[in-house]
Amino acid sequence: MALMDFIKKQFIDILEWTENGDGTLAWRYPMAGMEIQNGGTLVVRESQMAVFVNEGQVADVFGPGTYKLTTQTLPVLTYLKNWDKLFQSPFKSDVYFFSTRQQIDQKWGTPQPITIRDKDFGAVRLRAFGNYAYRIADPKLFHTEISGTRDAYPVADLEGQLRGMVLQNISNAIAGSGLPFLDLAANQVMFAEALAKELAPHFAKIGLAIESLTVQNVSLPEELQKVLDQKIGMGMVGNDMGKFMQYQTAQAIPKFAEGAGNGGGIAGDAMGLGAGVALGQVLAQNLQAGLQGGGAAAPAAAAPAGVRPDEVMATLEKLGELKSKGILTQEEFDAKKAELLKKLV
């Protein structure tokens, strides 16, 4: 038995990797004090690949299958070792096995809101998270760029690098898609496809292929959500700014009535309700004209004498805030400004 144990330790007849569990991308066959037997067998299972490395230089790469190790099956290694004929004695070479199974449910997310450029809103801050799956596509490249000569390379050691790669390319993915941010937020599948397309060449540089990517959630900051709600409101009135102002005023009227019933006073309510109510004070006559129609509304619309200068200034400040948030364009702001200033004449 001692003699057989000695021989078994010295020469290797079968090279194989039986994975004991998940989470290992690369594994080096233990070769300490051993040599590969002439005519030995290499077993590469499905979802695996094997690489022979001679003195730090990658030689032959094997896909799934069973191979008898000869000069015919090891052409690159034969060249590197200068074998001019069939090798008759055992030889030494490092053998690495790589798992090509999909590594699924890899998490990604933005720990802090990130800033992106958007053609509609300029700078936008968002949070997003999801998951992705990848696999080793080029074991030779992965060995030279990532895993190297380590005995084993686990999935966990690569998680931080890949997660950072995803976050780094979110802005590029949105810009490259040519779509407004709000369209991407409403269509997470489109967002995921754009991001996966952007990531593919970066993964390929280290021997990986991204198999799938999902965007499970996109969170908008509160201020952007308010802008989105107002854009929806404008869409309901056909993106007509005059009708939108009337819509805002109509939304504010019940709150005025509620505030008056509670004894809070119209002035106090106007300060608490914000831009919509402040605009309502100035544009109430326009709303009345739009609801009644015809000549009956003309006298009311032509009587701006009840508008106080402080109300006009407050409204201008609110309009300035809407312009700074991108809700009003410069032209729309200037038109409303001129309209309000005429009321002071």
Side-chain angles (χ1 to χ4, degrees), residues 1-104 134-159 161-162 203-209 211:
M1 291 295 294
L3 179 60
M4 291 302 296
D5 290 342
F6 172 77
I7 295 175
K8 188 175 181 180
K9 290 180 181 178
Q10 294 299 312
F11 304 110
I12 303 172
D13 289 329
I14 299 177
L15 291 163
E16 61 181 343
W17 179 30
T18 55
E19 301 179 55
N20 296 325
D22 296 329
T24 302
L25 293 171
W27 178 77
R28 182 175 67 180
Y29 192 93
M31 298 292 295
M34 298 184 183
E35 293 183 341
I36 300 172
Q37 183 75 296
N38 177 26
T41 301
L42 172 67
V43 179
V44 183
R45 290 174 168 78
E46 290 293 337
S47 74
Q48 292 182 354
M49 295 189 76
V51 174
F52 279 72
V53 179
N54 179 64
E55 297 179 356
Q57 187 171 354
V58 175
D60 300 280
V61 179
F62 296 87
T66 300
Y67 306 88
K68 184 177 181 180
L69 301 177
T70 66
T71 53
Q72 284 75 30
T73 56
L74 294 166
V76 179
L77 189 62
T78 297
Y79 173 78
L80 293 176
K81 288 185 172 293
N82 297 313
W83 289 329
D84 57 356
K85 57 184 179 180
L86 294 176
F87 62 90
Q88 300 297 325
S89 60
F91 64 94
K92 292 185 69 70
S93 176
D94 290 323
V95 182
Y96 294 87
F97 288 86
F98 296 86
S99 174
T100 57
R101 292 185 293 125
Q102 287 195 41
Q103 305 300 323
I104 62 173
Y134 69 93
R135 70 166 78 241
I136 294 178
D138 187 338
K140 180 178 179 179
L141 187 58
F142 185 80
H143 171 78
T144 56
E145 296 292 332
I146 301 295
S147 60
T149 60
R150 292 171 54 172
D151 292 337
Y153 195 93
V155 172
D157 285 7
L158 198 57
E159 286 179 355
Q161 175 69 19
L162 297 183
F203 275 56
K205 288 180 181 179
I206 56 175
L208 302 178
E211 295 293 329

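Hydrogens, waters and symmetry mates are skipped; everything else that's a heavy atom, side chains included, is used. Note that the coordinates shown come from a computational prediction; the quantities given were computed from them, not determined experimentally.
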Centroid-centroid distance, Tyr67 to Phe62, less than 6.0 Å: yes
Taking C-beta and beyond as the side chain, do [X] and [Y] meet within less than 4.5 Å on heavy atoms?
X	Y	value
Phe52	Leu42	yes
Val95	Ile36	yes
His143	Val51	no
Asp13	Thr41	no
Thr149	Tyr96	yes
Val44	Trp17	no
Gln48	Phe97	yes
Glu55	Asp94	no

Could you state the interatomic distance from [atom1] ([X]) to [atom2] ([Y]), rounded to the nearest 0.5 Å?
X	Y	atom1	atom2	value
Tyr134	Leu162	OH	CG	5.5 Å
Arg135	Leu25	CZ	CG	12.0 Å
Asp138	Glu145	CG	CD	10.0 Å
Ile146	Ile206	CD1	CD1	4.5 Å
Arg101	Glu19	CZ	CD	5.0 Å

Of all the heavy-atom pairs spanning [X] and [Y], show the shortest one and how long it is.
X	Y	result
Met31	Ser93	CE-O, 3.4 Å
Ala204	Leu141	O-CD2, 3.3 Å
Thr144	Val58	CG2-CG2, 4.0 Å
Thr100	Ile136	CG2-O, 3.6 Å

Under-4.0 Å salt bridge between Arg45 and Glu16: yes
Stepwise side chain to side chain contact (heavy atoms under 4.5 Å, CB included) test for Ser147 and Phe98: CA-CA 10 Å; Ser147 60; Phe98 296 86; 3.8 Å; yes
Aromatic ring pairing Phe142/Tyr153, orientation class (parallel under 30°, perpendicular over 60°, tilted between): perpendicular
Whether Thr73 side chain and Lys68 backbone form a donor-acceptor pair below 3.5 Å: yes
Heavy-atom neighbours of Asp22 CG exceed 12 at 6.0 Å: no
